[in-house]
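Since the structure comes first, as structure tokens, the remarks are kept for the end.
All values reported here derive from a predicted model rather than from experimental measurement. Residue numbering restarts at 1 for every chain, and letters A, B, ... go by the order of the sequence lines. Just so you know, these numbers use all the heavy atoms, side chains as well, and skip hydrogens, waters and symmetry mates.
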Protein chains: 2
Amino acid sequence: MFKDLDPLLHSQLRLAVMSLLISTEEADFVFIREKTASTAGNLSVQIEKLHEAGYISVKKSFKGKMPRTTCRISPAGISAFEKYVEALSEYLQPK
Amino acid sequence: MFKDLDPLLHSQLRLAVMSLLISTEEADFVFIREKTASTAGNLSVQIEKLHEAGYISVKKSFKGKMPRTTCRISPAGISAFEKYVEALSEYLQPK
DNA sequence: AAATTTGGTTTATGTTATAAACTAGTTTAT
DNA sequence: ATAAACTAGTTTATAACATAAACCAAATTT
């Protein structure tokens with residue numbers, strides 16, 4: 001009856017990150033931190049989890065002299081997100 | 001940008017319980033346990049949390065000689081569920 | 001009457017989310 | 001030039017949460 005919800009996506013912050021990346025394709029750490037209104041520590045941890053899962057890629061570079069972390073959603077991430085949305089909709093639209 | 005998700009509802013099992021109760025208005029413990037495919041222990045804990053929050057009412061009675069626990073969604077529960085669905089939809093339909 | 005099942009609750013444990021503290025370096029003010 | 005403050009994060013500690021395992025009381029089955 002109720003499909004399982006991917007625990008990696010069923011987290012407010014990780015879901016917000018994925019939601020952002022789905023529409024922007026690429027976003028850096030600071031942009032995501034601002035849009036999600038999260039702390040850097042929390043965001044760092046959650047980005048690492050999405051990365052480990054293969055849902056996003058993370059690229060480190062420099063913008064001038066300052067470090068920059070850029071995230072991009074992967075095909076696996078897109079598909080996981082779509083699957084999550086479909087599973088969740090069962091819960092939201094009670095038949 | 002991203003509204004906060006009610007942490008009481010942002011839990012697979014509690015959300016499934018609420019989803020069931022939204023459509024059935026009243027359901028007993030065993031019915032919910034079967035529909036959600038959860039263990040009795042976990043369900044007991046999560047029902048208690050929804051109860052404490054005032055999202056559901058819990059009535060104890062006997063069906064013949066056997067104990068029965070009946071749950072019903074409250075107006076506060078309905079409104080919290082609706083609010084949750086609305087907040088969540090921001091995450092699911094990336095603009 | 002012993003064993004099993006029912007309908008739960010309580011408790012213990014592992015997982016998760018989060019904030020606090022820290023690191024490494026840059027920019028700004030003195 | 002140096003101290004102070006800021007940027008961009010990471011690591012670590014702690015509190016909250018989800019879940020299963022163990023338990024209980026009573027009913028039913030054998």
Side-chain angles (χ1 to χ4, degrees), chain A residues 2-20 26-53 55-72 80 84 87-88 91, chain B residues 2-20 26-53 55-72 80 84 87-88 91:
Chain A
F2 292 102
K3 293 195 192 96
D4 271 353
L5 301 174
D6 182 344
L8 247 134
L9 294 184
H10 197 64
S11 139
Q12 181 167 335
L13 183 47
R14 286 193 302 269
L15 188 62
V17 170
M18 292 293 281
S19 178
L20 272 179
E26 193 173 80
D28 65 32
F29 190 95
V30 174
F31 176 83
I32 298 172
R33 178 171 53 69
E34 285 168 355
K35 287 288 183 185
T36 59
S38 58
T39 62
N42 192 8
L43 183 57
S44 177
V45 171
Q46 306 313 327
I47 279 179
E48 178 54 23
K49 285 183 184 174
L50 291 172
H51 182 217
E52 272 168 21
Y55 289 179
I56 65 174
S57 64
V58 178
K59 199 179 63 182
K60 302 276 181 183
S61 61
F62 286 87
K63 184 187 198 173
K65 293 177 181 176
M66 300 295 275
R68 173 164 55 174
T69 299
T70 309
C71 301
R72 180 185 284 268
Y84 173 80
L88 193 59
Y91 296 70
Chain B
F2 293 102
K3 292 194 193 96
D4 272 351
L5 301 174
D6 182 344
L8 248 133
L9 294 184
H10 197 64
S11 135
Q12 181 166 333
L13 183 47
R14 287 194 300 269
L15 188 62
V17 170
M18 292 294 281
S19 179
L20 272 179
E26 193 173 79
D28 64 31
F29 189 96
V30 174
F31 176 82
I32 297 172
R33 178 169 53 69
E34 285 167 354
K35 288 286 183 184
T36 60
S38 59
T39 61
N42 191 9
L43 184 57
S44 177
V45 171
Q46 306 312 327
I47 280 178
E48 177 55 22
K49 285 184 185 174
L50 291 171
H51 182 216
E52 272 168 20
Y55 289 0
I56 64 174
S57 64
V58 178
K59 201 178 62 184
K60 303 273 179 184
S61 61
F62 286 88
K63 182 188 198 174
K65 293 176 180 175
M66 299 296 274
R68 174 162 56 172
T69 299
T70 308
C71 302
R72 181 185 282 269
Y84 173 80
L88 193 58
Y91 295 71

If we call it a pair only when both distances are under 3.5 Å in a Watson-Crick or G-U wobble match, what pairs with C/dT30? D/dA1

Mutual orientation of the aromatic rings belonging to A/His10 and B/His10 [parallel < 30°, tilted 30-60°, perpendicular > 60°]: parallel

Could you tell me if the side chain of B/Val17 sits less than 4.5 Å from the side chain of B/Tyr55, heavy atoms only? no

What are the residues of residues 37-47 of chain B, sorted by number, that bring a heavy atom to within less than 4.0 Å of DNA chain D? B/Thr39, B/Gly41, B/Asn42, B/Val45, B/Gln46

If the condition is salt bridge (charged side-chain N to carboxylate O under 4.0 Å, His left out), which residues does A/Lys3 pass it with, not counting sequence neighbours? A/Glu86, A/Glu90

In the structure I gave you, are the side-chain heavy atoms of A/Tyr91 and B/Gln12 within less than 4.5 Å of one another anywhere? yes

Interatomic distance, A/Lys59 NZ vs D/dA8 P [rounded to whole Å]: 17 Å

Atom pair distance, as rounded to whole Å: CZ in A/Arg33 and C1' in C/dA19: 15 Å

Shortest non-hydrogen separation from B/Ala80 to B/Leu9 and the atoms involved: O-CD1, 3.4 Å

All heavy atoms of B/Arg33 vs all of B/Thr39, minimum pair found to be CD-C, 4.2 Å

Rounded distance (Å) that lies between atom P of D/dA16 and atom CD of B/Glu52: 14 Å

Would you kindly give the CG-to-C1' distance between A/Leu50 and C/dT16, to the nearest whole Å? 14 Å

Please state how far atom CD in B/Glu48 lies from atom P in C/dT9, giving the value in whole angstrom units. 8 Å

Please produce a list of atom pairs where a protein N or O lies less than 3.5 Å from an N or O of nucleotides 23-30 of chain D.
none

Could you tell me the separation between the CD1 atom of A/Ile32 and the P atom of D/dT10, rounded to a whole number of Å? 12 Å

Taking the side chain as every heavy atom from C-beta outward, state whether A/Phe2 and B/Leu15 have any atom pair closer than 4.5 Å. no

Could you tell me which residues satisfy ring pair (Phe, Tyr, Trp, His ring centres under 6.0 Å) with A/Phe29, sequence neighbours excluded, listed by chain and number? none

Let's see if you get this right: which residues in residues 9-17 of chain A place a heavy atom under 4.0 Å from DNA chain C? A/Ser11, A/Arg14

So, OP1 or OP2 of D/dA16: does either fall under 4.0 Å of a side-chain N or O from B/Lys49? no

Residue pair A/Leu8 / A/Asp6: nearest heavy atoms and the distance that separates them: N-OD1, 2.9 Å

Just the rounded figure in Å: distance from P of D/dA18 to CG of A/Asp4. 14 Å

What pairs with B/Glu48 under salt bridge (charged side-chain N to carboxylate O under 4.0 Å, His left out), at least two apart in sequence or on another chain? none

Atom NZ of A/Lys63 and atom P of C/dT26 are separated, to the nearest Å, by 16 Å

I'd like to know if the side chain of A/Arg68 and the backbone of A/Val30 have a donor-acceptor N/O pair within less than 3.5 Å. no

